[in-house]
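We number each residue from 1, following the sequence as shown.
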Amino acid sequence: MNKLLLIVICLFSCLTGYTQPQQIKLRMLIGYHANEKLKLHKSVNYLVFSKEREFERYFGKSFKENKPNFDHEHVIVMLTEPTREQYFLSFAETAVKAGNFIEIYCNVNKEKHLLPYTDHPIAIAAIPKYFSVNRIDFYSNEKKKLLKRVKVSAR
């Protein structure tokens, strides 16, 4: 009886996705720029794209060799609206998957001086899709503060 109970508990924990946290590698993407159709607020925006059609609507069709594979990947984006303020945006190289969510660690640095031109700062990466993951959380890499929570689906 105890063996059966142990097996049922193990199966339940495996099926519900509650396992030990694991590191996953981000695949950084370059050469993408958002068009004016994407509505942004003044500060840093945190977005997730799970469907190719939705991504192409705002970033255009990609013919790059390293383009995202939306059957197996989400695309995470951190960007600002066009600005003359100097921003440096980047993601940590690895994220953490724990149960039904993924934690993405973000680096946002803003210089106090204005640029003589308008810039459109962006950081963009692809991460694996998991059936059990239903949200992606963006955290500040330095302070480990939650910046944004986005619901996702593997479909």
Side-chain angles (χ1 to χ4, degrees), residues 16-155:
T16 57
Y18 295 101
T19 58
Q20 291 296 317
Q22 67 184 49
Q23 289 194 341
I24 56 174
K25 190 152 179 64
L26 275 66
R27 188 168 65 86
M28 302 304 171
L29 303 173
I30 56 171
Y32 290 93
H33 303 283
N35 62 33
E36 62 278 345
K37 293 179 189 174
L38 189 58
K39 301 292 183 230
L40 303 170
H41 55 274
K42 274 201 173 282
S43 64
V44 179
N45 295 259
Y46 303 90
L47 307 168
V48 177
F49 294 92
S50 300
K51 297 187 183 333
E52 186 171 14
R53 186 179 206 172
E54 179 185 2
F55 180 78
E56 287 177 352
R57 180 175 173 204
Y58 300 115
F59 294 90
K61 189 149 183 78
S62 177
F63 298 99
K64 301 174 186 335
E65 288 182 22
N66 72 339
K67 72 180 186 176
N69 179 349
F70 287 93
D71 291 337
H72 305 288
E73 295 175 311
H74 296 289
V75 172
I76 56 172
V77 180
M78 181 174 34
L79 77 162
T80 70
E81 65 179 2
T83 181
R84 291 187 63 196
E85 296 176 306
Q86 176 116 39
Y87 279 91
F88 299 96
L89 307 177
S90 64
F91 295 115
E93 290 184 9
T94 58
V96 175
K97 178 188 171 293
N100 66 339
F101 62 93
I102 295 175
E103 293 180 353
I104 306 294
Y105 299 101
C106 308
N107 300 304
V108 177
N109 295 313
K110 181 179 171 185
E111 297 289 328
K112 295 188 188 270
H113 67 277
L114 291 179
L115 298 170
Y117 55 89
T118 301
D119 191 17
H120 201 161
I122 187 169
I124 187 165
I127 59 169
K129 283 184 179 179
Y130 295 94
F131 177 74
S132 62
V133 170
N134 61 21
R135 77 174 202 251
I136 295 176
D137 297 339
F138 292 88
Y139 281 90
S140 164
N141 199 19
E142 291 177 5
K143 299 178 184 176
K144 307 299 186 229
K145 176 185 166 193
L146 181 64
L147 302 169
K148 175 90 182 236
R149 180 168 280 160
V150 179
K151 293 186 183 224
V152 297
S153 172
R155 297 178 202 179

Scanning both residues in full, the closest heavy-atom pair of Leu26 with Ala125 reads CD2-CB, 4.0 Å

Partner set under side chain to side chain donor-acceptor pair (under 3.5 Å) for Arg27, not counting sequence neighbours: Glu73

Under the rule for side-chain contact (heavy atoms from CB on, under 4.5 Å), what residues qualify as partners of Lys148, not counting sequence neighbours? Tyr46, Phe138, Val150

Taken in chain and number order and not counting sequence neighbours, the residues that satisfy salt bridge (Lys or Arg N to Asp or Glu O under 4.0 Å) with Lys145 are none

Would you give the length of the straight line joining atom OG1 of Thr118 to atom CZ of Arg84, rounded to the nearest 0.5 angstrom? 6.5 Å

Under the rule for salt bridge (Lys or Arg N to Asp or Glu O under 4.0 Å), what residues qualify as partners of Glu142, not counting sequence neighbours? none

Residues which pass salt bridge (Lys or Arg N to Asp or Glu O under 4.0 Å) with Glu103, listed by chain and number, not counting sequence neighbours: none

Shortest non-hydrogen contact from Leu115 to Gln86? CD2-OE1, 3.0 Å

Has Lys144 got more than 12 heavy atoms of other residues, nucleotides or ligands less than 6.0 Å from its NZ? yes

Do the side chains of Glu85 and Glu111 get nearer than 4.5 Å, heavy atoms only? no

Should we count CD of Glu93 as having more than 12 external heavy atoms under 6.0 Å? no

Determine whether Ile127 and Ile104 make a side-chain contact, defined as any pair of heavy atoms from C-beta on separated by less than 4.5 Å. yes

Which residues pass the side-chain contact (heavy atoms from CB on, under 4.5 Å) test with Asp71, sequence neighbours left out? Asn69

Would you say that Thr80 contacts Ser43 through its side chain, given a criterion of any heavy-atom pair below 4.5 Å between the two side chains? no

Scan residues 86-105 for pairs that pass ring pair (Phe, Tyr, Trp, His ring centres under 6.0 Å), counting only residues two or more places apart or in two chains. none

Going by the rule side chain to side chain donor-acceptor pair (under 3.5 Å), which residues pair with Asn134 if we only count those two or more places apart in sequence or in a different chain? Asn100

Could you state the interatomic distance from CG (Leu147) to OG (Ser140), rounded to the nearest 0.5 Å? 5.5 Å

Would you say that Ile24 contacts Pro128 through its side chain, given a criterion of any heavy-atom pair below 4.5 Å between the two side chains? yes

Between Ile122 and Leu89, does the side chain to side chain contact (heavy atoms under 4.5 Å, CB included) criterion hold? Intermediate values first, please. CA-CA 6 Å; Ile122 187 169; Leu89 307 177; 5.6 Å; no

Nearest non-hydrogen partners of Ser132 and Gly99, listed with the distance: OG-O, 3.7 Å

Please output the side-chain donor-acceptor pairs of residues 47-56 that fall under 3.5 Å, not counting sequence neighbours, one pair per line with the distance.
unit_1: Ser50; atom_1: OG; unit_2: His74; atom_2: ND1; d: 2.7
unit_1: Lys51; atom_1: NZ; unit_2: Arg155; atom_2: O; d: 3.1
unit_1: Glu56; atom_1: OE2; unit_2: Lys61; atom_2: NZ; d: 3.4

Quick one: do the Glu81 and His41 side chains pair a donor with an acceptor below 3.5 Å? no

CD1 on Ile76 to CD1 on Ile124, rounded to 0.5 Å: 9.0 Å

For side chain to side chain contact (heavy atoms under 4.5 Å, CB included), just list the numbers for Cys106 and Asn141, CA-CA rounded to whole Å, side-chain angles, deciding distance to a tenth of an Å, and then say yes or no. CA-CA 5 Å; Cys106 308; Asn141 199 19; 5.9 Å; no

Residues two or more places apart in sequence or in another chain: which of them pass salt bridge (Lys or Arg N to Asp or Glu O under 4.0 Å) with Arg149? Asp137

Ser90 versus Met78, closest heavy-atom pair with distance: O-CE, 3.1 Å

Residues forming a side-chain contact (heavy atoms from CB on, under 4.5 Å) with Phe131, sequence neighbours excluded: none

For Val96 and Ile102, what are the C-alpha separation, side-chain angles and deciding distance, and is it a side chain to side chain contact (heavy atoms under 4.5 Å, CB included)? CA-CA 6 Å; Val96 175; Ile102 295 175; over 6 Å; no

For the residue pair Val133 and Lys97, establish whether any side-chain heavy-atom pair is separated by less than 4.5 Å. yes

With a cut-off of 6.0 Å (strictly less than), are more than 12 heavy atoms of other residues, nucleotides or ligands near CG of Leu114? yes

Acceptor/donor pairs from residues 32-40 side chains to any protein atom, 3.5 angstrom cut, sequence neighbours excluded:
unit_1: Tyr32; atom_1: OH; unit_2: Ser62; atom_2: OG; d: 2.9
unit_1: Asn35; atom_1: OD1; unit_2: Lys37; atom_2: N; d: 2.9
unit_1: Asn35; atom_1: ND2; unit_2: Arg57; atom_2: O; d: 3.0
unit_1: Asn35; atom_1: ND2; unit_2: Tyr58; atom_2: O; d: 3.3

